[in-house]
Amino acid sequence: MEREICTTAGLIWDALNTKGELSLAQLKMAVGCKTAVFDWAVGWLMREDKIVILREGRTFRVGLKAAEAKAAEAK
């Protein structure tokens with residue numbers, strides 16, 4: 001199970017790096033995975049301080065932390 005969560009976290013990171021900030025629904029569609037695994041992977045990235053989650057009205061938007069985005073640009 002840990003491998004699936006880690007893989008999904010990587011897919012989430014890649015989607016945010018490619019597309020920029022997304023709503024949770026948009027991010028879930030971009031990644032295309034099971035709901036529980038998606039939720040756990042978002043939590044994993046949040047715990048690792050890789051992403052930021054912002055409340056926007058009745059929804060939430062997810063983006064890479066500034067340091068993560070800069071590191072991706074440098075590669």
Side-chain angles (χ1 to χ4, degrees):
M1 184 51 89
E2 186 174 330
R3 177 177 284 156
E4 189 176 356
I5 295 167
C6 186
T7 299
T8 303
L11 293 172
I12 290 169
W13 194 93
D14 288 339
L16 293 172
N17 185 46
T18 303
K19 300 177 183 199
E21 192 177 285
L22 298 169
S23 71
L24 278 174
Q26 291 170 327
L27 185 55
K28 193 177 288 188
M29 282 194 294
V31 173
C33 74
K34 299 175 191 169
T35 301
V37 173
F38 175 83
D39 294 342
W40 296 330
V42 167
W44 180 319
L45 289 168
M46 189 71 177
R47 175 94 165 110
E48 293 291 320
D49 203 32
K50 304 290 185 190
I51 61 172
V52 62
I53 301 174
L54 305 167
R55 185 175 200 128
E56 188 175 89
R58 292 177 22 184
T59 189
F60 294 91
R61 296 193 65 76
V62 182
L64 292 177
K65 289 268 185 150
E68 288 296 311
K70 287 180 185 175
E73 288 175 8
K75 289 183 180 181

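Side chains are part of it too, since the values below use all heavy atoms of this structure and drop only hydrogens, waters and symmetry mates.
Summarising the geometry, atom CD belonging to Gln26 is positioned 9.5 Å from atom CD belonging to Glu21; distances are rounded to the nearest 0.5 Å. In this structure, CZ in Arg3 is found 12.5 Å from OG1 in Thr8, a value given to the nearest 0.5 Å. Note that the CD1 atom of Ile53 and the CZ atom of Arg61 stand 12.5 Å from one another [nearest 0.5 Å]. Taking CD of Glu56 as the reference point, atom CG of Leu24 lies at 11.0 Å (rounded to 0.5 Å). If you take CD1 on Ile12 and CZ on Phe38, they are separated by 4.5 Å, rounding to the nearest 0.5 Å. Rounding to the nearest 0.5 Å places CG of Leu45 at 10.0 Å from CH2 of Trp13.
Glu4 places no side-chain N or O within donor-acceptor distance of the main-chain N or O of Met1, the cut-off being under 3.5 Å.
In the hydrophobic clustering of this structure, Trp44 groups with Trp40; members are Ile, Leu, Val, Met, Phe, Trp, Tyr whose side-chain heavy atoms approach within less than 4.5 Å, directly or through other members. Residues Leu11 and Ile51 share a single hydrophobic cluster, defined by chaining ILVMFWY side chains whose heavy atoms lie under 4.5 Å apart.
For Thr59 against Ser23, the heavy-atom pair with the smallest separation is OG1-CB, 4.3 Å. Shortest non-hydrogen contact noted between Ala30 and Ala15 is CB-CB, 4.3 Å.
For the pair Leu16/Val62, a side-chain contact is recorded, criterion being any heavy-atom separation below 4.5 Å from C-beta on. Between Val52 and Met46, every side-chain heavy-atom pair lies at or beyond the 4.5 Å cut-off. Contact check for Leu54 versus Phe60: no side-chain heavy atoms found under the 4.5 Å cut-off.
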